[in-house]
A.B. asks: 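Pasting in a structure now, in structure tokens, and then I'll have a few things to ask.
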Amino acid sequence: HKTKITKREGTMRLPRRRHPFLLLLPPLLTLLSNIEDGAGAFAAAVTTEQNDTTTGKADDSPTREGGDGIGDDFGTALDPHPDPNYENFPGMIYVGRLDADGVTRIGFDHDNGVKYIFGTGFDESHKDIEEEDLRHAHSGADVLHDIADRRRGRTREEVLKERRHKKLDKTGPKPFGHVDVHPLDGGVTPPAVVRVEPFFMDSKLVTNKEFGKFARSTYYETEAEKFGWSFVLSSFLVKSEMKHNADVDPEAEHWVAVDGAYWRQPEGPGSTYKLREHHPVVHVSHRDAAEYCSWVGKRLPGEREYEAAARAGHYGPKNRTLFSWGDNDTVAVASQYANLWGNGTFPDENFAEDGWRGTSPVGHFPPNPYGFFDLTGNVWEWVRGGKHKARIVRGASYVDSLDGSFNHAATLGARATLHGTTTTGNVGFRCVKSPTRRTEYHWVYHDEEVHGSLSIEDEFGKEWATPQKDWEDMFWVQEASDEEEGETRKKKKVVKTRTTTSNEL
């Protein structure tokens with residue numbers, strides 16, 4: 001039954017009804033106990049059935065590894081883990097650990113996250129990371145204490161000391177969210193082994209057509225529309241004289257603030273998105289992107305989730321590559337896989353070796369080994385994390401280079417930060433969704449004098465003042481005697497909030 005417990009002032013506690021058959025069980029059991037041993041076995045079976053009926057537990061309760069029933073060990077606090085193989089979403093790709101066959105997804109009763117080397121591709125220190133550091137720890141009670149002594153010749157005590165007592169930074173304290181970045185691609189340095197939980201990610205960027213449905217359905221007004229202007233690349237201006245009369249970004253002089261520019265008019269008045277409905281939507285802020293993802297029941301990806309999808313299995317020190325297509329940094333090869341600037345002089349000369357001067361249709365270039373499109377090039381993509389004045393974007397865009405000679409190097413570790421309200425012609429987004437996890441419960445004491453009497457609320461939100469059919473199976477109030485105070489306290493079962501600690505925020 002889809003019900004939950006609510007608090008209702010002035011409502012009397014509902015009496016627990018029992019089935020008439022249960023009233024006949026005690027004398028029946030007494031009679032059967034006086035018969036021969038075979039009948040006694042039958043009585044034991046009836047007793048088991050009575051206990052199961054009273055507590056609401058099923059005989060075929062799910063079991064954990066080792067054969068113990070979940071209900072026996074944990075009561076009703078845990079539901080069985082859902083099978084991730086039965087969950088799929090249109091246009092999204094699952095990223096998580098797979099079985100040896102490369103198809104079957106490992107369930108949540110094991111460590112099914114992804115471990116890989118996160119950070120810039122230009123720092124060679126990732127080669128010092130051993131393959132052993134990427135292996136997944138076994139599940140169990142001692143998993144946090146099972147530390148190998150083989151980590152670069154150090155003992156277990158040395159590893160624990162380094163984990164618990166971080167090294168002192170002699171340069172002084174760093175502000176919240178600070179990371180050291182490489183000057184070429186902006187990637188985090190030094191590279192380090194990280195782990196992310198399984199997730200689903202959109203295989204393609206959100207397009208103008210998809211964002212248009214959201215804007216028309218919700219009457220949404222982007223921040224570029226509210227502010228009345230947005231940044232446009234100087235070589236894309238409808239009129240060249242606009243460059244001399246408009247303001248420019250003090251940190252990027254080639255981006256001009258154009259009045260009236262927003263996602264429907266990417267270059268300002270006189271331009272339109274109509275012939276670019278399948279191009280990624282641009283001129284959206286971090287909040288605009290988050291609002292769209294929330295509307296479709298998803299969220300923005302985490303920075304580490306994004307890079308895990310971009311690296312597509314090239315996670316170790318031996319198979320880690322600089323670009324999604326390998327380590328070849330020639331324009332002739334890169335133009336077949338990503339929308340980047342090319343050999344021209346930025347920002348006025350773009351020879352369109354890849355076929356596009358600006359944005360390109362989503363899915364135009366080949367996908368990476370996991371099936372994701374445009375995780376390198378085309379447009380930067382908003383991700384979660386950072387601060388409002390320094391939100392994170394990943395993936396590089398059509399204005400970036402291969403070697404970092406101008407703008408950013410479009411590597412798999414490419415990273416930049418923008419103000420959360422920034423809207424420009426080379427920043428878009430895509431969404432992710434977390435797999436369904438099991439619901440966990442816990443019991444809390446309920447004081448009826450303070451919080452009111454317990455009442456029943458059905459799946460439609462209607463509270464019942466009188467007992468309804470089968471209401472006794474909807475929830476269970478556990479009464480525990482308090483010997484010190486000499487009174488009876490009641491407990492109610494509530495859903496345990498799932499809280500995850502993230503170092504991306």
Side-chain angles (χ1 to χ4, degrees), residues 186 205-208 211 215 221-277 279-289 339-352 354 356-360 374 377-382 386 388-401 404-410 414-429:
L205 288 152
V206 176
T207 63
N208 285 311
F211 193 82
E221 186 179 19
T222 62
E223 293 195 295
E225 296 175 79
K226 296 177 182 178
F227 297 148
W229 61 274
S230 187
F231 285 115
V232 178
L233 188 63
S234 59
S235 58
F236 289 175
L237 295 176
V238 178
K239 297 180 181 179
S240 59
E241 58 268 17
M242 297 173 62
K243 180 178 180 180
H244 305 287
N245 300 329
D247 296 328
V248 299
D249 187 342
E251 298 181 359
E253 59 182 359
H254 302 299
W255 291 93
V256 181
V258 177
D259 293 336
Y262 69 110
W263 69 274
R264 282 193 175 98
Q265 300 177 161
E267 287 79 39
S271 62
T272 179
Y273 78 101
K274 286 298 184 180
L275 298 179
R276 289 175 276 184
E277 288 188 338
H279 287 229
V281 63
V282 291
H283 296 289
V284 288
S285 66
H286 187 273
R287 180 178 180 180
D288 299 333
N339 180 5
L340 302 173
W341 191 263
N343 288 320
T345 303
F346 182 81
D348 298 319
E349 290 182 349
N350 189 337
F351 301 134
D354 49 28
W356 305 92
R357 294 184 64 245
T359 60
S360 58
D374 297 317
N378 209 354
V379 294
W380 288 96
E381 300 184 34
W382 290 111
H388 183 62
K389 294 183 179 180
R391 291 294 186 185
I392 303 170
V393 290
R394 295 298 304 264
S397 72
Y398 61 84
V399 302
D400 293 302
S401 60
S405 57
F406 57 88
N407 299 328
H408 286 74
R415 180 183 189 272
T417 56
L418 299 173
H419 194 284
T421 60
T422 299
T423 58
T424 180
N426 69 330
V427 177
F429 68 98

A.B. asks: Nearest heavy-atom pair of Ala414 and Arg394: which atoms, and what distance?
C.D. replies: O-NE, 2.7 Å
A.B. asks: Nearest heavy-atom pair of Ala416 and His408: which atoms, and what distance?
C.D. replies: CB-NE2, 3.8 Å
A.B. asks: What I want to check is whether the side chains of Ser230 and His283 have a donor and an acceptor closer together than 3.5 Å.
C.D. replies: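 The answer is yes; a qualifying pair exists.
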A.B. asks: Which distance, rounded to the nearest 0.5 Å, do you find between the CG of Leu340 and the CG of Asn378?
C.D. replies: 9.5 Å
A.B. asks: Determine the minimum heavy-atom distance between Asp259 and Pro269, stating which atoms define it.
C.D. replies: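 Minimum heavy-atom contact is O-CD, 3.2 Å.
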A.B. asks: Report, as yes or no, whether the 6.0 Å neighbourhood of atom NZ on Lys274 holds more than 12 heavy atoms from other residues, nucleotides or ligands.
C.D. replies: no
A.B. asks: Just jot down the salt bridge (Lys or Arg N to Asp or Glu O under 4.0 Å) partners of Arg415, sequence neighbours excluded, or say none.
C.D. replies: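 So Arg415 forms a salt bridge (Lys or Arg N to Asp or Glu O under 4.0 Å) with Glu303.
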A.B. asks: Given Trp356 and His279, is the side-chain contact (heavy atoms from CB on, under 4.5 Å) satisfied, shown in steps?
C.D. replies: CA-CA 11 Å; Trp356 305 92; His279 287 229; 4.0 Å; yes
A.B. asks: Return the OG1 to NZ distance between Thr423 and Lys226, rounded to the nearest 0.5 Å.
C.D. replies: 12.0 Å
A.B. asks: Start with the C-alpha distance between Phe236 and Arg357, add both sets of side-chain angles, then the distance that settles side-chain contact (heavy atoms from CB on, under 4.5 Å), and finish with yes or no.
C.D. replies: CA-CA 9 Å; Phe236 289 175; Arg357 294 184 64 245; 3.7 Å; yes
A.B. asks: Mind listing the closest non-hydrogen atom pair of Tyr398 and Asn426 along with its distance?
C.D. replies: CE2-CB, 3.7 Å
A.B. asks: Compare all side-chain heavy atoms of Val258 with those of Leu237 and state whether any distance is below 4.5 angstrom.
C.D. replies: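 Yes, their side chains come closer than 4.5 Å.
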A.B. asks: Within the distance-only criterion (no hydrogens, no angle test), does the side chain of Gln265 pair as donor or acceptor with the backbone N or O of Tyr262 below 3.5 angstrom?
C.D. replies: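 Not at all, since once roles are kept as given, no pair shorter than 3.5 Å links the two residues.
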A.B. asks: Do Phe429 and Val281 come close enough that some side-chain heavy atom pair is under 4.5 Å?
C.D. replies: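 Sidechains of Val281 and Phe429: in contact.
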A.B. asks: Would Trp380 and Thr424 count as a side-chain contact (heavy atoms from CB on, under 4.5 Å) here? Give the steps.
C.D. replies: CA-CA 10 Å; Trp380 288 96; Thr424 180; over 6 Å; no
A.B. asks: Would you name the heavy atoms of Gly358 and Asn339 that are closest together and state the gap between them?
C.D. replies: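 Closest approach of Gly358 to Asn339, heavy atoms only: O-ND2, 2.8 Å.
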A.B. asks: Roughly how far, to the nearest 0.5 Å, is the CD atom of Glu277 from the CZ atom of Phe211?
C.D. replies: 14.5 Å
A.B. asks: Which atom names give the shortest non-hydrogen contact between Trp263 and Ala215, and what distance separates them?
C.D. replies: CZ2-CB, 3.9 Å
A.B. asks: Can you sort out the partners of Glu267 under salt bridge (Lys or Arg N to Asp or Glu O under 4.0 Å), two or more places apart, ordered by chain and number?
C.D. replies: Arg276
A.B. asks: How long is the gap from OG1 on Thr417 to NZ on Lys389, to the nearest 0.5 Å?
C.D. replies: 13.0 Å
A.B. asks: Taking atom types as modelled and ignoring hydrogens, do the side chains of Ser235 and Asp348 form a donor-acceptor contact shorter than 3.5 angstrom?
C.D. replies: no
A.B. asks: Would a 4.5 Å heavy-atom cut-off, applied to side chains only, mark His286 and Val393 as touching?
C.D. replies: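 The answer is no, as the side chains (C-beta and beyond) never meet within the 4.5 Å cut-off.
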A.B. asks: With Phe231, which residues qualify under ring pair (Phe, Tyr, Trp, His ring centres under 6.0 Å), at least two apart?
C.D. replies: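 Scan of Phe231 (ring pair (Phe, Tyr, Trp, His ring centres under 6.0 Å), adjacent residues dropped) gives Trp229.
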A.B. asks: Before giving the answer on side-chain contact (heavy atoms from CB on, under 4.5 Å), spell out for Asp400 and Asn407 the whole-Å C-alpha distance, their side-chain angles and the decisive distance to 0.1 Å.
C.D. replies: CA-CA 5 Å; Asp400 293 302; Asn407 299 328; 3.1 Å; yes
A.B. asks: Which distance, rounded to the nearest 0.5 Å, do you find between the NE2 of His254 and the CZ of Phe346?
C.D. replies: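 Rounded to the nearest 0.5 Å, the NE2-CZ separation comes to 5.5 Å.
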A.B. asks: Just how far is it from atom CZ of Arg287 to atom CZ of Arg391, taken to the nearest 0.5 Å?
C.D. replies: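 With rounding to 0.5 Å, CZ (Arg287) is 11.5 Å from CZ (Arg391).
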A.B. asks: Any heavy-atom pair between the side chains of Val256 and Asp247 that's under 4.5 Å?
C.D. replies: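 They are not in side-chain contact.
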